[in-house]
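All values reported here derive from a predicted model rather than from experimental measurement. We use all heavy atoms of the structure for the numbers below, so side chains are in, but hydrogens, waters and symmetry mates are not. First the proteins, then the strands, lettered A, B, ... as listed; each starts at 1.
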Amino acid sequence: MLLSRPNILRSLGRTVAPCRSLHNTAWLWCFRSAVSLDKIYPESDLDLTKPQQIPKTKGHNFSGYVPMDKVQVTYSRSSGPGGQNVNKINTKVDLRFHLASAEWLSPELKEKLATKHKTSITSDGFLVIRSDKTRSQQLNLAEAMDKLRHLIYTAAFVPPPPAVEDIERARRRHEAATRERLRQKKLRSVTKQGRRAPELS
Amino acid sequence: MASQGTEKALALLRRLPRVSLGNLKPNPGAVKSARRGRGIYGGKTHGAGSKGSGQRQNFMRLGFETGNTPFYLRFPYQNYYKGHHMRLSYAPLCMGKLQRMIDTSRLRTDVPVDITQLSATQLFSINPMEKMGGIMLKDEGIDHFQATLNLEVQWATEAVITSVERNGGTITVAYYDPISLQAALNPMAFFKRGVAIPRRMLPPQNLIDYYSDPKNRGYLADPTEVARERFVLAQKYGYELPDIRSSPNQEMLLERKDPRQIFYGLQPGWVVNLEDKVILKPTDPELLEHYAS
C-alpha cells in the first residue's frame, strides 16, 4: 500500500487529521479527541505565537505599554543584610530612560512627568527608578516596572471637574458659615455694648 | 499435549450451553436463609446466638460500643479537613534544580519535557495513589534559569512562567488523573501490562478553572488568549518576549498533547507490544469512537 498522506489518514481512522494551526509550519498529523482545543474553541485560530497589537498612548491616556528596548536596565548588588547572597548576586535593578527623547510617551505626559516627578529625574534628563525590594532580580524588575507605570499614571491623572451639585453644596455651606459668623459677631457686639456705660443724650 | 484437567475443561466449554441466569446457582453456604431456624439443627437458639441484645431482639444502634465513646464520635469535626480527600499534593521542583538537571545532561531539552521525561530522571518519587497530582514548579532559582524548553507540569506560579518564557520557551500546566499519571510516570511498566492506553480524564470540578485559565497557561485554555497573556506578562516583568516563530525549535516548542492523550505520539486505545516491537490499534468503529470521545 502506498504510504501517501491520504492513505495514511484512511488507515489511522478519522480521529487523526491535520492539526489546525497548532503549528504554523509543515503539515503534522496528530490525535484529536472530542475535547481537543479546536472543538472547545471552534472560532479561535489557536495560535500561541499570534503577534499582539501594541496599544497606543495618546494625550493623557497612557496605554501601559513600555517598550523594553527604549529603556535601560542595569543590575547591581543590593544593600542590607543577606550574607553571601546579597554580597554576590546582582539583585538591585536600575531602570532609566531619557525623558525628553522618549517617543513612546506623548508630549503632554512628558511635561506632566517633568513637573510632578522632577525628584526622580537626573540633571541629564534621565528618569530613574530603582528597586531592591526582593531577593530576586526578576521580581525587582517587575517592581521597578510597576513603579514606572505608577509614576506615569499618577502624573497623567487629571482630577475630574467638580459636579454641579458639589459646587452648589459648597456655595451654600460657605454662605451659611458666613451668615453664622456675622450673627455671632453681632451678638458679641451687643454683649460688649451692654457692658458700656449708658450714653447720656 | 495439554493435561487431563485442561482437556476436560475444554470439552465442557465445547458442549455446555451459554451461561445465563437460568443455569447459575450460588455455592453451597453462600446464601443464608432469612427464615427463623426450625427443627433439630435449626432449633434451641434458632440462629439468634446466646443471651445479650442479639437473642433478646433488642439490638444496639449501629456504631454503639457498649458505653465507651464510639469510633465515629472520637474525632471532632474540623473545618480544615473539609474536602481533604479531594486535595492533591505535588512534588516540588525548583527552577535551580531544573537548570542543574539540564546542565548535567540529566534532562534533554531537544524534546518536549513532560512528567514522563521528568520522572525518567528518577529524582522524584510521585505516588498517584497517595493523592499526588504530579510535579509543581517553585520560584527558587528563577534568576539563574537560562534554558529554552517546552515544559509541561501540573502546577506553576507566575514567576516560574516568566522565567521559562523570557528564555524563549513555552510552559503548560496539564492535569493527569491517577491512572494516567501512573502510566505516564513509568511507561515501560505500563506497556508491559499489555493493556490499551486509556483516555486521560478531564480535571475535577475544583481544578477545571485552574486548567482552563490562560494566565496559568492551562492546557484547556485558548492558545490565542495564552498568546495575549504571554505578552501581558512580558510587559509586567519587563522583558521582550522572544519570537517563537523565528526560533529553530519552533515545532518542538509548540508541540502539545491532546487533552485525552497521555504519551506524545501514542493514542488512547493503542496497545504497545514491547516484545514484538509493534503497536496494535483497534479497528472496530465503536472502540474508535469510544477512545476518541
Side-chain angles (χ1 to χ4, degrees), chain A residues 11-16 19 21-26 28 30-41 43-55 63-69 71 73 75 89-91 93 95 131 134-146 148-149, chain B residues 139-145 158-159 162-163 166 170 199-200 202 212 219-228 230-241 243-247 250-251 253-261 264-269 281-283 285 288-289 291-293:
Chain A
S11 67
L12 287 168
R14 59 188 153 77
T15 57
V16 175
C19 277
S21 288
L22 283 174
H23 314 241
N24 285 334
T25 55
L28 276 162
C30 56
F31 169 65
R32 284 198 312 205
S33 66
V35 295
S36 67
L37 288 178
D38 57 339
K39 304 238 176 47
I40 306 174
Y41 306 107
E43 277 131 38
S44 166
D45 46 0
L46 302 178
D47 190 2
L48 194 77
T49 58
K50 187 173 181 178
Q52 298 297 313
Q53 268 271 319
I54 292 170
S63 60
Y65 179 74
V66 178
M68 291 316 293
D69 49 350
V71 148
V73 181
Y75 305 107
I89 311 294
N90 291 343
T91 49
V93 163
L95 184 88
S131 171
T134 72
R135 300 180 65 200
S136 158
Q137 195 185 77
Q138 189 174 278
L139 297 178
N140 283 345
L141 182 51
E143 216 242 326
M145 292 295 290
D146 188 47
L148 172 61
R149 289 198 177 95
Chain B
D139 286 7
E140 287 205 45
I142 41 175
D143 290 346
H144 309 298
F145 191 74
E158 195 183 69
T162 308
S163 69
R166 79 190 308 153
T170 53
R199 300 174 306 158
R200 190 178 7 147
L202 289 175
S212 308
Y219 74 125
L220 296 174
D222 188 356
T224 317
E225 285 176 34
V226 173
R228 169 128 189 93
R230 279 164 56 89
F231 174 72
V232 167
L233 200 70
Q235 272 293 296
K236 179 174 176 177
Y237 279 79
Y239 59 92
E240 283 273 353
L241 192 63
D243 188 18
I244 294 180
R245 284 185 182 181
S246 54
S247 152
Q250 188 198 354
E251 264 179 45
L253 289 173
L254 295 174
E255 197 172 338
R256 294 278 179 277
K257 290 182 202 171
D258 184 90
R260 288 281 195 209
Q261 227 177 342
Y264 282 110
L266 296 175
Q267 287 184 35
K281 301 171 190 178
T283 50
L288 287 171
E289 204 189 308
Y291 283 117
S293 64

Visitor: Looking only at heavy atoms, what is the nearest atom pair of A:Y41 and B:S212, with distance?
Guide: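 Looking at all heavy atoms of both residues, the closest pair is OH-O, 4.5 Å.
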Visitor: Which answer fits A:N140, side chain, backbone, both or neither, if we ask what part of it has an atom under 4.5 Å from a heavy atom of chain B?
Guide: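 For A:N140, neither part sits under 4.5 Å from chain B.
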Visitor: Between B:T170 and chain A, which part of the residue has a heavy atom less than 4.5 Å away: side chain, backbone, both or neither?
Guide: side chain
Visitor: Using non-hydrogen atoms only, which part of B:R230 is less than 4.5 Å away from chain A: side chain, backbone, both, or neither?
Guide: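 The side chain, not the backbone.
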Visitor: Determine yes or no for a side-chain-to-main-chain donor-acceptor pair under 3.5 angstrom, with B:Q261 supplying the side chain and A:F31 the backbone.
Guide: no
Visitor: Going by the rule salt bridge (Lys or Arg N to Asp or Glu O under 4.0 Å), which residues pair with A:K50 if we only count those two or more places apart in sequence or in a different chain?
Guide: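 Partners of A:K50 by the salt bridge (Lys or Arg N to Asp or Glu O under 4.0 Å) criterion, ordered by chain and then number, come out as A:D45.
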Visitor: Examine distances only and state if a side-chain atom of B:Y237 and a backbone atom of A:M145 form a donor-acceptor pair shorter than 3.5 Å.
Guide: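 Between the backbone of A:M145 and the side chain of B:Y237 there is no qualifying donor-acceptor contact (under 3.5 Å).
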Visitor: Distance check, rounded to the nearest 0.5 Å: B:F231 atom CZ versus A:I54 atom CD1?
Guide: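 Separation between the atoms: 5.5 Å.
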Visitor: With the threshold set at 4.0 Å, does a side-chain nitrogen-carboxylate oxygen contact exist between B:D139 and A:R135?
Guide: no
Visitor: Contact part of B:Y264 toward chain A, heavy-atom cut-off under 4.5 Å: side chain, backbone, both or neither?
Guide: neither
Visitor: Is the number of heavy atoms from other residues, nucleotides or ligands within 6.0 Å of CZ (A:R149) greater than 12?
Guide: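 Counting other residues, nucleotides and ligands, CZ of A:R149 exceeds 12 neighbours.
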Visitor: Flag the pair A:D47 / B:P223 as yes when at least one side-chain heavy-atom distance between them is below 4.5 Å, and no otherwise.
Guide: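 With C-beta onward as the side chain, the pair stays apart.
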Visitor: Given the rule in the side-chain contact (heavy atoms from CB on, under 4.5 Å) test, do A:Q138 and B:S163 qualify, once you have shown the distances and angles that lead to the verdict?
Guide: CA-CA 8 Å; A:Q138 189 174 278; B:S163 69; 3.5 Å; yes
Visitor: Nearest 0.5 angstrom please: B:K257 NZ to A:S33 OG, how far?
Guide: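 So the gap between those two atoms works out to 13.5 Å.
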Visitor: Which pair of non-hydrogen atoms, one from B:D258 and one from A:R32, has the smallest distance, and what is that distance?
Guide: OD1-CA, 3.5 Å
Visitor: For the side chain of B:D143 and the backbone of A:S136, is there at least one donor-acceptor N/O pair under 3.5 Å apart?
Guide: no
Visitor: Please give me the minimum heavy-atom distance between A:L48 and B:A227, naming the atom from each residue.
Guide: O-CB, 3.3 Å
Visitor: So which of B:S293, B:G265, B:G238 has the largest heavy-atom pair count under 4.5 angstrom toward chain A?
Guide: B:G238
Visitor: Starting at CD of A:Q137, measure out to NE2 of B:H144 and round the result to the nearest 0.5 Å.
Guide: 9.0 Å
Visitor: Which one of B:I244, B:D222, B:L220 has the most heavy-atom pairs closer than 4.5 Å to chain A?
Guide: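 That would be B:D222.
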Visitor: Measuring heavy-atom distances to chain A, does B:L202 have an atom under 4.5 Å in its side chain, in its backbone, in both, or in neither?
Guide: side chain
